[in-house]
Amino acid sequence: MKLNRRSFAKAAIAVAVSGAVGAGVMATAFAGETLTGAGSTWVYPLVVKWSVAYDKETGNKVNYQGIGSGGGIAQIKAGTVAFGASDMPLKPEELQKDGLIQFPTAIAGEDLVYNLPGIKPGELILSGPVVADIYLGKIKKWNDPAIVKLNPGVKLPDMAVTVVHRSDGSGTTFTFADYLSKVSPEWKEKIGANTSLNWPAGVGGKGNEGVAAYVQRIPGSIGYVEYAYILENKLAYARMYNRDGKLVSPSLKGFQAAAAHIDFTKAKDFYVILTDQQGPDTWPISGCTWQILRKASPKATNEAVTKFFSWGFEKGQSMAESIAFGPLPPSTVDAIKAYWKQNLGI
Amino acid sequence: MNGSEVVTGAQVELSAASEQKSAGKSSGFPADFLFRKFTGFVAFIVAATLVAIMISLIIEGWSALHTFGWKFLITSTWDPVSNVYGALVFIVGTLLSSLIAMVIAVPVSFGIALFISELSPRWLRGPISAVIELLAAIPSIIYGMWGLLVFAPWFGNIEPWINDHLGVIPGIGMLFQGPPMGIGMLTAGIVLAIMVIPFIASVMRDVFMITPAALKESAYALGATTWEVARHVILPFTRRAVTGGIFLGLGRALGETMAVTFIIGNANNLSASLLMPGASIASVIANEFTEATTPLYKSSLLALGLILFVITVVVLALAKLLLLRLDASLEGKKA
């Protein structure tokens with residue numbers, strides 16, 4: 001009977017802990033001096049880094065929980081947090097309906113990593129349509145003519161391609177799929193873009209680390225991960241042809257170039273997606289994360305949130321760069337401030 | 001999970017005796033009265049929680065069940081982009097990974113329990129039991145990480161051998177063909193087996209140990225071998241508790257989440273081969289719940305939770321039925 005007692009104790013602890021956490025979330029949500037935010041796991045490292053420095057400088061605390069974009073949107077709609085974060089922007093109609101506003105926070109990017117014996121990082125060259133065909137399961141071998149054509153002089157092995165994708169819902173997946181939708185009509189029609197997809201091929205790894213682990217494990221595999229992950233883990237990354245037909249490597253400059261070629265100021269509620277933008281230096285799979293606020297929140301709360309993010313835009317840039325996030329261009333920051341004034345009166 | 005099953009003949013007698021005792025005394029002592037009320041209350045809480053979970057899952061999953069109807073159970077499209085959901089792949093994955101786990105875990109657990117209770121030297125019993133129980137105490141996320149980082153790479157090296165030797169067997173060969181990735185349905189089943197073995201083995205060991213020595217000794221006296229004693233004396237005597245232990249393990253295997261998420265491969269397709277990636281109900285909920293952005297999507301995930309709940313209840317009910325029929329046939333034999 002030992003076991004039953006043990007599993008009962010486990011259940012009791014789980015109930016107690018979840019109760020305490022729930023109460024804690026409620027308590028912090030309504031406490032005056034601490035701001036709470038929740039959502040995107042992509043932007044989590046940035047917001048946490050900013051909040052620590054912000055606390056040191058101003059004494060104001062920001063408590064951010066990376067519960068996922070879907071969770072962030074649900075929480076801000078329910079009004080339990082001061083701001084929600086999502087890697088997928090909401091459509092202006094949806095914002096209107098729920099009395100929400102959104103603005104971009106920082107720019108990031110992702111790239112394809114591969115495990116091919118004898119082929120060094122940056123040696124493999126890919127293009128959007130070829131990547132789409134690989135992920136559609138149409139290109140099955142590494143020495144497929146389409147890949148060979150992009151890589152003259154590289155000895156591509158006669159090896160099966162194993163496609164690795166994220167198994168968990170993720171803004172990284174959304175950005176990747178959005179890019180493929182733009183460069184491949186077949187992808188757009190059959191698969192589309194979302195944080196989770198109906199993948200036609202491959203295996204799913206949980207998180208960037210899961211995808212990276214699978215790619216490192218399986219010879220002949222290819223996967224997509226955030227740029228920060230490539231830097232940290234020294235993975236074999238691919239170079240890509242961008243929309244201007246130029247060959248580029250992933251870099252902060254490339255992500256910022258994508259943002260610079262977009263007119264954020266003209267898009268309603270900043271509803272633009274950074275993939276496949278023009279410009280010779282532009283990295284094609286660039287992405288962005290958004291913060292969502294509620295118009296009906298107390299003015300003091302919204303004021304505190306905007307204060308925190310304007311501090312981040314102005315003083316948190318080098319911190320962003322240190323963890324592979326590209327800061328927003330100054331023109332975009334100005335547009336965001338005008339947007340706040342117009343919608344929140346702040 | 002299944003506490004009521006884990007009751008042996010001896011314990012039934014004991015609890016019956018104590019019931020009589022307390023019934024006799026209940027009017028006399030307020031403490032006894034309170035104790036009875038309290039235990040009754042906590043027992044009721046479990047049942048009430050179960051019903052409450054079921055009801056809330058039905059409410060939350062209603063939108064998905066209403067939208068897709070029976071098709072939710074028998075279609076395999078899971079497409080968050082166009083908001084079309086079907087659970088078939090995950091239902092099959094859950095049942096298949098658990099089945100693999102049980103096929104491995106039950107005989108192994110039986111062997112472990114029999115060794116500890118009958119064959120092992122006395123001084124070895126304690127250490128072996130302790131190690132087995134330690135296995136049960138390891139959090140499932142650790143099994144997941146171990147599975148992904150240690151077991152899967154090793155198993156990936158074994159898979160070509162499996163392809164060459166098991167994959168060529170006519171009929172069942174197709175179960176063992178596929179690229180040597182090290183992850184997939186079979187890996188998930190094996191890791192699940194390792195996770196449930198301590199549960200099943202501990203229960204089996206506990207009940208094997210309390211099989212009356214007189215019964216075993218009489219069988220030995222008649223010239224029975226250890227195997228025959230195990231087969232014809234110990235197992236029939238402990239059948240209820242052994243079945244209970246197996247279903248305790250099965251319950252854990254069906255609902256196991258983190259470990260499976262790491263190693264099953266998370267691919268939403270049905271494959272004839274056990275070496276190919278798949279997905280289970282628990283793994284897809286763990287993977288997609290946080291980013292489920294539309295109400296129908298979330299509802300579909302909660303409907304999956306309801307299905308898992310129903311599967312577990314059905315499996316346990318079948319176990320009960322099986323036991324009842326076994327009992328009946330045994331009674332018949334005796335008569």
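The sequence lines fix the lettering, A, B, ..., with proteins before strands; numbering per chain opens at 1.
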Which atoms of [X] come close to chain B, meaning under 4.5 Å heavy atom to heavy atom: side chain ones, backbone ones, both, or neither?
X	result
A:I218	side chain
A:T195	side chain
A:Y214	side chain

* Is there a side-chain contact (heavy atoms from CB on, under 4.5 Å) between B:I183 and A:V203 once you walk through the steps? -> CA-CA 9 Å; B:I183 49 171; A:V203 294; 4.2 Å; yes
For [X], which atoms come within 4.5 Å of any heavy atom of chain A: side chain, backbone, both, or neither?
X	result
B:F289	neither
B:A279	neither
B:P153	both
B:M258	side chain

* Residue pair A:G202 / B:A267: nearest heavy atoms and the distance that separates them ->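 Scanning both residues completely, I find the closest heavy atoms to be O-CB, 3.3 Å.
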* Of all pairs that satisfy salt bridge (charged side-chain N to carboxylate O under 4.0 Å, His left out), the ones with a partner from residues 179-196 of chain A, not counting sequence neighbours ->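 Matches after skipping sequence neighbours: A:K138-A:E186, A:D178-A:K182, A:E186-A:K190.
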* **A:R217 side chain to B:G156 backbone, donor-acceptor under 3.5 Å** =>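 Side chain of A:R217 to backbone of B:G156: no pair is present.
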* **Test item: A:D168 side-chain N/O and B:E288 main-chain N/O as donor-acceptor pair under 3.5 Å** =>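 Side chain of A:D168 to backbone of B:E288: no pair is present.
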* To do: Any chance you could measure B:N269, atom CG, to A:W199, atom CH2, to the nearest 0.5 Å?
  =>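 So the CG of B:N269 and the CH2 of A:W199 are separated by 13.0 Å.
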* Once you round to the nearest 0.5 Å, how far does CG of A:L197 lie from CG of B:N268? ->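 Going from the CG atom of A:L197 to the CG atom of B:N268 covers 11.0 Å.
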As an exercise: rank [options] by heavy-atom pairs under 4.5 Å with chain B and give me the winner.
options	result
A:G204, A:G68, A:G169	A:G204
A:G70, A:A201, A:S40	A:G70
A:G210, A:G205, A:S196, A:A160	A:S196
A:S170, A:G39, A:A74, A:A213	A:S170

Is atom [atom1] of [X] surrounded by more than 12 heavy atoms (other residues, nucleotides or ligands) closer than 6.0 Å?
X	atom1	result
B:M209	CE	yes
A:E209	CD	yes
B:F68	CZ	yes

* Can you pull out the residues in residues 259-266 of chain B with any heavy atom less than 4.5 Å from chain A? ->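 Listed by number, the contacting residues are B:T261, B:F262, B:I263, B:G265, B:N266.
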* State, yes or no, whether a side-chain contact exists between A:N198 and B:V81 at a heavy-atom distance under 4.5 Å. =>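 A:N198 vs B:V81: side chains apart.
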